[in-house]
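The sequence lines fix the lettering, A, B, ..., with proteins before strands; numbering per chain opens at 1. Fair warning: this is a prediction, and the values are worked out from it, not measured in the lab.
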Amino acid sequence: MLELRREGDGESGMNDEKIIALFWERSEAAIDETKKKYGSFLYMLAKNVLQDSRDAEECESDTYLHAWKSIPPSRPVCLKTYLAKITRNISISRLRKKKAQKRGGNVVLLPYEELEECIPDERRGEQPDADCLRDYINSFLSTLPKEQRILFMQRYWMAYSVQEIARQTGKKEKYITNHLYLMRKKLKLHLEGKVIVE
Amino acid sequence: MSGMDLFCALNNAEDSFVKETLTYTGKTKKEVKYIDRYLDWLQYWC
């Protein structure tokens, strides 16, 4: 079925600073304006992760609630990035629950399954803790050329399908698949601590 | 650690990387060139 809610729809709404000011004033118009401007994008992100329209709608709504609770005290520098991170977190939590409930079911988990290849062998040493993992990931991302980094993030942060990335970038699916494979190998080296970062 | 843990940990990617991805995602080749030119201009003047 044709997906009618596309990223970019409605992003010409109120200026972000004004929306954040509404949150700080505890005006419920903040939610309406956020939804108007970023609703389609947040829904799309949740749908990419969850592969389910109803769950994606609930995650979108939960994002507004979370933003309402966290702004103030937060004052995001980039509202879109801030909201996207909330949506992604909520979507992953929901996905984990679904995965636990439907063990062996047909939940599509491809981006995360691909990342299994990057996990260092546990027999070779300790696994990185959360802080190390964050540093490894950021150092890995900073070593990638911009085009490659965006490709990696589109697949493993935004959970776009390879077909969708190919459509958006105008590149062949094979090109996307090969580059993602090479980047996963590189990420594995980072996680194994084999790449020295200055 | 699992692939899901790693996928989840990617949420700690620096905001600049996320913002960069969001800026370029869904744009046509022409729009990407326009954004690049604009960012180069900003970098040069600011």
Side-chain angles (χ1 to χ4, degrees), chain A residues 6-8 11 41 44-45 49 76-78 80-82 84-86 88-89 92-93 95-96 99 109 111-120 122 127-128 130-131 133-138 140-142 144 146-147 149-154 156-160 164-165 168-170 187 191, chain B:
Chain A
R6 306 288 305 174
E7 182 196 357
E11 275 197 30
F41 162 71
M44 178 277 303
L45 178 59
V49 174
V77 177
C78 176
K80 189 176 182 182
T81 304
Y82 184 81
K85 283 194 162 189
I86 295 174
R88 193 174 183 275
N89 259 334
I92 290 173
S93 299
L95 184 68
R96 280 186 190 273
K99 200 180 165 195
L109 296 172
Y112 343 106
E113 285 168 355
E114 285 174 11
L115 288 174
E116 293 282 349
E117 291 171 23
C118 310
I119 309 300
E122 286 181 17
Q127 297 286 301
D131 287 343
L133 193 54
R134 185 194 59 221
D135 292 345
Y136 284 151
I137 285 171
N138 283 315
F140 161 72
L141 289 171
S142 66
L144 296 175
K146 188 162 86 174
E147 190 193 346
R149 182 166 58 236
I150 292 169
L151 182 60
F152 184 89
M153 292 288 277
Q154 284 178 326
Y156 301 115
W157 204 93
M158 300 188 72
Y160 272 123
E164 180 60 21
I165 297 170
Q168 284 191 16
T169 56
L187 176 57
L191 295 176
Chain B
M1 187 164 63
S2 66
M4 176 60 99
D5 294 330
L6 190 52
F7 182 74
C8 192
L10 271 167
N11 232 42
N12 293 318
E14 281 176 18
D15 281 0
S16 59
F17 297 140
V18 178
K19 193 175 173 188
E20 174 186 70
T21 307
L22 299 182
T23 302
Y24 285 91
T25 298
K27 302 288 187 295
T28 63
K29 223 176 206 175
K30 198 175 169 186
E31 287 168 325
V32 167
K33 279 184 186 167
Y34 178 79
I35 294 168
D36 280 341
R37 276 212 301 272
Y38 175 68
L39 291 176
D40 287 346
W41 181 86
L42 267 186
Q43 205 169 12
Y44 183 79
W45 289 103
C46 303

Legend entry - Leading residue by heavy atom contact count with chain B [cutoff under 4.5 Å; candidates A:Arg88, A:Arg149, A:Arg134]: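 The option with the most such pairs is A:Arg88.
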Legend entry - For chain B, the option from A:Ile137, A:Ile165, A:Asn138 that forms the most heavy-atom pairs under 4.5 Å: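 Counting heavy-atom pairs under 4.5 Å, the top option is A:Asn138.
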Rounded distance (nearest 0.5 Å) linking atom [atom1] of [X] with atom [atom2] of [Y]:
X	Y	atom1	atom2	result
A:Leu115	B:Cys8	CG	SG	11.5 Å
A:Met158	B:Thr21	CE	OG1	7.5 Å
B:Asp15	A:Thr81	CG	OG1	6.0 Å

Inset, instruction - Give me the one residue out of B:Asn12, B:Asp5, B:Leu10, B:Leu6 that meets side-chain contact (heavy atoms from CB on, under 4.5 Å) with A:Leu133. - result: B:Leu6
[X] vs [Y] side-chain heavy atoms within contact, under 4.5 Å:
X	Y	value
A:Ile92	B:Met4	yes
B:Glu14	A:Ser142	no
A:Ile150	B:Phe17	no

Would you name the heavy atoms of [X] and [Y] that are closest together and state the gap between them?
X	Y	value
B:Ser2	A:Ile119	O-CD1, 3.5 Å
B:Phe7	A:Tyr156	CE1-O, 3.0 Å
B:Gly3	A:Glu116	N-OE2, 3.0 Å

Legend entry - Under 3.5 Å: donor-acceptor pair, side chain of A:Lys85, backbone of B:Ala13: yes
Please state whether the side chain, the backbone, both or neither of [X] comes within less than 4.5 Å of a heavy atom of chain B.
X	value
A:Leu141	both
A:Leu187	side chain
A:Phe152	side chain

Inset, instruction - Decide side-chain contact (heavy atoms from CB on, under 4.5 Å) for B:Leu22 and A:Met153; before the verdict, give the C-alpha distance in whole Å, the side-chain angles of both, and the deciding distance to 0.1 Å. - result: CA-CA 9 Å; B:Leu22 299 182; A:Met153 292 288 277; over 6 Å; no
